[in-house]
Amino acid sequence: MRFAVFSDIHANLSALDAALDAVGPVDGLWHLGDVVGYGPEPDEVVARLVERGAIGVQGNHDAAALGGPEIDWFNPDARRAMEWTRATISTTTREWLASLPRTMTIGSCFLVHGSPRDPTWEYVTSLPVARANFAVLGERIGLHGHTHLPLAWIEEDGAIEVVSPGHGSVLELRGRRVLANPGSIGQPRDGDTRASFMVVDTEADTISWHRTGYPITDVQGRMRAAGLPTNLVARLSHGQ
Ligand code: ZN
């Protein structure tokens with residue numbers, strides 16, 4: 001079975017649709033939260049995920065969109081975008097976001113936005129943090145987002161190695177444990193402007209990473225029309 005894993009879509013419908021086209025037929029679509037926030041089309045993104053039967057978890061932006069205290073931790077631009085998101089989203093979107101669990105287990109895979117020990121907030125960006133999270137990860141394959149950086153921590157006999165995958169990278173797990181991040185669909189931050197996602201193949205026991213371009217200037221036009229912060233508009237051109 002092959003599963004597409006998307007994270008941090010951030011209300012960017014053009015990037016989501018480009019990634020859906022690029023991934024082609026799969027046995028399921030999983031998302032790792034931050035479906036909304038920053039971008040101009042929260043309702044449309046949720047509608048597309050519903051249409052495609054996506055399942056997944058709630059991120060810090062999704063929780064903030066529901067009125068949660070998470071907004072208190074946002075920088076000024078993120079806060080302004082979140083206030084816009086709160087005022088814009090439909091009741092249907094609100095109910096769908098509220099229905100998302102913080103964590104989800106599917107077979108040997110554990111889905112979470114931040115980290116296994118702190119589902120909403122923790123960034124898995126260092127070896128000590130990865131090690132601490134392997135200690136609480138009950139499943140073999142941990143899938144998380146939040147950093148917007150494609151990355152994998154692989155554990156074997158207590159030793160942990162890290163890899164930074166690019167477009168077309170294939171990780172052969174061979175039964176090893178992993179904490180894998182697909183990067184971001186809607187707001188990549190690794191200097192590559194293209195939408196980033198993973199495919200988990202449970203039979204081959206592999207994870208592959210993929211990038212796909214999308215019409216960035218169209219999205220930026222919709223962001224400007226919505227009055228979203230100019231810094232958020234500009235960063236899509238830089239992948240930062
Ligand atoms: Zn995010």
Side-chain angles (χ1 to χ4, degrees), residues 4-16 18-19 29-42 44-46 48-49 54 56-66 68-86 88-89 93 96-97 100-104 111-116 118-125 129 133 142-151 179-198 209 211 214 216 219-220 223 228-229 231-240:
V5 184
F6 290 4
S7 191
D8 297 274
I9 300 164
H10 282 296
N12 187 334
L13 182 67
S14 297
L16 173 59
L29 174 59
W30 300 345
H31 73 85
L32 304 178
D34 278 10
V35 171
V36 302
Y38 298 136
E41 291 172 295
E44 292 82 353
V45 161
V46 168
R48 182 75 79 243
L49 291 179
V57 295
Q58 190 181 76
N60 53 308
H61 282 255
D62 307 319
L66 296 167
E70 290 79 7
I71 196 172
D72 296 338
W73 298 88
F74 285 11
N75 66 44
D77 285 337
R79 174 183 281 265
R80 267 185 59 206
M82 183 47 63
E83 283 163 353
W84 178 89
T85 301
R86 284 179 172 181
T88 301
I89 58 174
T93 293
W96 187 84
L97 293 172
L100 298 175
R102 298 274 172 144
T103 68
M104 182 179 280
L111 281 60
V112 68
H113 182 64
S115 76
D118 182 354
T120 304
W121 277 111
E122 188 169 49
Y123 294 91
V124 184
T125 52
V129 171
N133 277 290
L143 306 173
H144 70 100
H146 195 35
T147 65
H148 295 212
L149 304 173
L151 202 74
L179 280 167
N181 190 323
S184 171
I185 293 285
Q187 196 196 83
R189 292 180 187 162
D190 62 341
D192 184 333
T193 59
R194 297 174 296 174
S196 183
F197 61 94
M198 299 188 299
W209 280 260
R211 306 298 288 245
Y214 69 94
I216 290 174
V219 178
Q220 290 173 317
M223 291 176 78
L228 287 160
N231 287 338
L232 297 179
V233 176
R235 72 187 302 177
L236 293 182
S237 298
H238 308 297
Q240 296 286 353

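Sequence positions, counted from 1, serve as the residue numbers for this chain. Atoms within a ligand are numbered from 1 in the order they appear, just like the ligands themselves.
At a threshold of 4.0 Å, the pair Asp72-Arg79 counts as salt-bridged, since one of the basic side-chain nitrogens sits closer than that to a carboxylate oxygen. Between Asp190 and Arg211, at least one side-chain nitrogen of the basic residue sits less than 4.0 Å from a carboxylate oxygen of the acidic one, meeting the salt-bridge criterion.
Restricting Asp8 to its N/O/S atoms, the shortest distance to the Zn ion (ligand 1) is reached by OD1. The N, O or S atom of Asp34 lying closest to the Zn ion (ligand 1) is OD2.
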*asked:* Working note: Leu111 + Thr103, criterion side-chain contact (heavy atoms from CB on, under 4.5 Å); need CA distance, chi angles, decisive distance, verdict.
replied: CA-CA 6 Å; Leu111 281 60; Thr103 68; over 6 Å; no
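Note: angle at the Zn ion (ligand 1), from NE2 of His10 to NE2 of His148, is 90° (rounded to 10 degrees).
Tested against Trp96, the residues Val35, Ile89, Asp62 include a single side-chain contact (heavy atoms from CB on, under 4.5 Å) partner, Val35.
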